2 protein chains.
Amino acid sequence: MHDPKELKNAGLKATLPRLKILELFETSEQRHLSAEDIYKIMITNGEDVGLATVYRVLTQFEQAGLLVRHHFESGKAVFELNEGSHHDHIVCVQCGHVEEFCNEEIEKLQHKVAEDRGFKIHDHSLYIYADCIKTSCPHKN
Amino acid sequence: MHDPKELKNAGLKATLPRLKILELFETSEQRHLSAEDIYKIMITNGEDVGLATVYRVLTQFEQAGLLVRHHFESGKAVFELNEGSHHDHIVCVQCGHVEEFCNEEIEKLQHKVAEDRGFKIHDHSLYIYADCIKTSCPHKN
DNA sequence: GTTTGTGCAAACCATTTGCACGGAT
DNA sequence: ATCCGTGCAAATGGTTTGCACAAAC
C-alpha cells in the first residue's frame with residue numbers, strides 16, 4: 001500500500017480508494033490511464049469501488065496537482081502522474097500509442113511565442129503546456 | 001451562397017446543409033466551431049436542419065480534407081477550415097480563447113523528434129501535428 | 001459524533017445510429 | 001425508380017450528481 005502522507009499533504013483524507021488509485025499510477029506500466037482503465041483494474045483486483053468514485057478521485061488528484069489530465073484524440077480523458085518535469089507527447093493517430101519526450105529548445109520557442117502574444121505563463125499551473133504530436137508509429141496496436 | 005465545386009471535388013453532393021455549413025466556416029469570425037455552435041447559428045438563421053446532420057456533415061468534411069478536428073480542453077470537438085498550412089494552437093485554460101501560430105523551428109524540431117523515434121510522418125494526413133499550448137491569456141472571456 | 005467520502009442509480013451532455021421520408025439524377 | 005441525404009427520436013458512451021449509508025478523524 002501507499003504512503004498516506006502524500007495525500008494528507010494535498011489536503012485529502014487518506015481513504016482506501018484514494019490510496020489504491022494513487023498506488024496504481026505509481027506501479028502501472030502504462031503511464032496514461034483513463035477512469036475506465038482504473039475502474040476495470042480495481043474491479044479485477046477484487047476491490048469494491050464505484051466508477052463515480054474513480055472519477056471523483058481523479059478530479060481531486062488533478063486539482064491537488066498529483067495528476068495531469070489529457071484529452072489526446074479519443075473522447076475519453078486520460079491521466080498521468082504529475083512529476084513536475086514538463087514533457088510533450090507523440091500520439092499515433094492510428095493505434096493511439098503515446099510516447100513522451102522533452103525538448104528544451106521546443107519549450108523555449110513555445111514560451112517565446114506565448115509571451116510575444118501577451119499570454120501569461122504560470123509556473124504553478126499543471127497546464128502550461130500539453131503539446132502532442134499526432135502521427136503514425138511503428139507499433140502494432 | 002457558396003460555390004458547389006469545392007464539394008463536388010471532394011466527392012460530395014452539393015446539398016443545402018453542406019453548402020451552408022461550408023459557407024459558415026468561410027465567413028464566420030470564429031475559426032473554431034463546434035457542432036453545437038453551427039447548429040445554433042443555423043437554427044437562428046431560420047434554417048431547418050437537424051443536429052445529427054451537422055455531425056454527419058462535419059465528419060464527412062473532415063474525411064474529405066476540408067476541415068480539421070481538434071479536441072483542446074473541453075469535452076466537445078471543434079472544427080476549422082483546412083487551409084493546408086500547418087499551424088499550432090495556444091489555448092487559454094481559463095477562458096478557452098484560442099490563438100494560432102506558425103513556427104518553422106518548432107516544426108522542424110518536432111519532426112526530428114518523431115523521426116528519431118521511428119514515427120512515420122505522412123504528409124497527406126491532416127493529423128500530422130496538432131500541438132497546442134495551454135496557458136492563461138490576457139483576454140477576458 | 002461529526003464530517004467527509006463512498007456506492008449505486010439516475011441524470012447529463014456530446015455524439016452516433018436506425019429508420020422512414022424527401023429530393024436529386 | 002433508385003440512390004443518397006435528411007430530420008427526428010432513440011441509443012450510446014463518457015462523465016456528473018443526488019442521496020442514503022459507511023468510513024475516517
Side-chain angles (χ1 to χ4, degrees), chain A residues 1-24 32-64 66-67 69-79 96, chain B residues 1-2 4-8 10-22 24 32-64 66-79 96:
Chain A
M1 178 71 61
H2 190 267
D3 185 9
K5 220 190 290 177
E6 211 163 327
L7 283 177
K8 298 266 175 66
N9 290 345
L12 295 168
K13 267 195 211 171
T15 67
L16 236 123
R18 285 177 184 159
L19 287 167
K20 293 276 186 188
I21 290 176
L22 194 47
E23 188 190 22
L24 233 170
H32 302 88
L33 297 165
S34 69
E36 190 75 28
D37 291 339
I38 291 164
Y39 177 69
K40 280 196 192 133
I41 294 174
M42 294 179 78
I43 291 299
T44 303
N45 291 358
E47 322 199 11
D48 178 25
V49 73
L51 185 52
T53 300
V54 175
Y55 275 105
R56 278 186 288 236
V57 169
L58 288 173
T59 302
Q60 290 156 358
F61 282 4
E62 187 199 11
Q63 285 165 353
L66 297 172
L67 296 178
R69 184 195 303 249
H70 296 289
H71 283 276
F72 299 155
E73 275 312 87
S74 64
K76 45 207 291 186
V78 296
F79 297 80
Chain B
M1 179 72 57
H2 189 268
K5 221 190 292 180
E6 211 163 330
L7 284 176
K8 299 265 173 68
L12 295 167
K13 267 194 209 165
T15 66
L16 235 123
R18 285 176 185 161
L19 288 167
K20 292 276 186 188
I21 290 175
L22 194 48
L24 234 170
H32 302 88
L33 297 166
S34 69
E36 188 76 27
D37 290 340
I38 291 165
Y39 176 69
K40 280 196 191 135
I41 294 174
M42 294 179 78
I43 292 299
T44 303
N45 291 357
E47 323 201 7
D48 178 24
V49 73
L51 186 49
T53 300
V54 174
Y55 275 104
R56 278 187 287 236
V57 169
L58 288 174
T59 301
Q60 291 157 356
F61 283 4
E62 187 199 12
Q63 285 164 355
L66 298 172
L67 296 179
V68 187
R69 184 195 302 249
H70 296 289
H71 283 275
F72 299 154
E73 276 312 87
S74 64
K76 45 209 290 189
V78 296
F79 297 79

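In what follows, chains are A, B, ... by sequence order, proteins preceding strands, each numbered from 1. The shown structure was predicted, so the numbers you read here are calculated from the model rather than taken from an experiment.
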### Query
Atom CG of L16(B) to atom P of dT6(D): distance rounded to whole Å?
9 Å

### Task
Can you figure out which of dC8(D), dT16(D), dG5(C) approaches the side chain of R18(A) most closely?
dG5(C)

### Message
Tell me the interatomic distance from L12(B), atom CG, to dA24(C), atom P, rounded to whole angstroms.
### Response
16 Å

### Task
Would you kindly give the NZ-to-P distance between K20(A) and dG7(C), to the nearest whole Å?
13 Å

### Task
State whether the distance check finds a donor on one side and an acceptor on the other, under 3.5 Å, for side chain R56(A) versus base dG18(D).
yes

### Task
Round to a whole Å and report the spacing from CD of Q63(B) to C1' of dG5(D).
15 Å

### Message
Working note: L7(A) + L66(A), criterion side chain to side chain contact (heavy atoms under 4.5 Å, CB included); need CA distance, chi angles, decisive distance, verdict.
### Response
CA-CA 9 Å; L7(A) 283 177; L66(A) 297 172; 4.2 Å; yes

### Query
Less than 4.0 Å between a side-chain N and a carboxylate O, is that true for E36(A) and K76(A)?
no

### Query
Do any N or O atoms from the side chain of N45(B) and from the backbone of M42(B) form a donor-acceptor pair under 3.5 angstrom?
no

### Message
In this structure, how many angstroms lie between the P atom of dG5(D) and the CG atom of L58(B), rounded?
### Response
15 Å

### Query
How long is the line joining CG of L33(A) and P of dG14(D), in whole Å?
15 Å

### Query
Looking for any heavy atom pair under 4.0 Å, which part of the strands does T53(A) touch: base, sugar-phosphate only, or nothing?
base

### Query
Which sits closer to the 5' end of DNA chain D, A52(B) or K8(A), going by the nucleotide each is nearest to?
A52(B)

### Task
Please figure out whether Y39(B) or K13(B) has its closest DNA chain D nucleotide nearer the 5' end.
K13(B)

### Query
To the nearest angstrom, how far is H71(A) atom NE2 from dG14(D) atom P?
14 Å

### Message
So, OP1 or OP2 of dT15(D): does either fall under 4.0 Å of a side-chain N or O from Y55(A)?
### Response
yes

### Message
Nearest to the P17(B) side chain among dT15(C), dT6(D), dC25(D), which nucleotide is it?
### Response
dT6(D)

### Query
With a 4.0 Å cut-off on heavy atoms, is K76(A) in touch with a base, just the backbone sugar-phosphate, or nothing at all?
sugar-phosphate

### Nearest to side-chain heavy atoms of T59(B), which nucleotide of dC8(C), dT6(D), dT16(C)
dT16(C)

### Summary
A14(B) and L19(B) have their tightest heavy-atom pair at O-CD1, 4.1 Å

#### Entry: Check: R18(B) side chain, K13(B) main-chain N or O, donor-acceptor pair, under 3.5 Å
yes

### Query
Nearest to the side chain of L51(A), which nucleotide is it out of dG5(D), dT16(C), dT15(D)?
dT15(D)

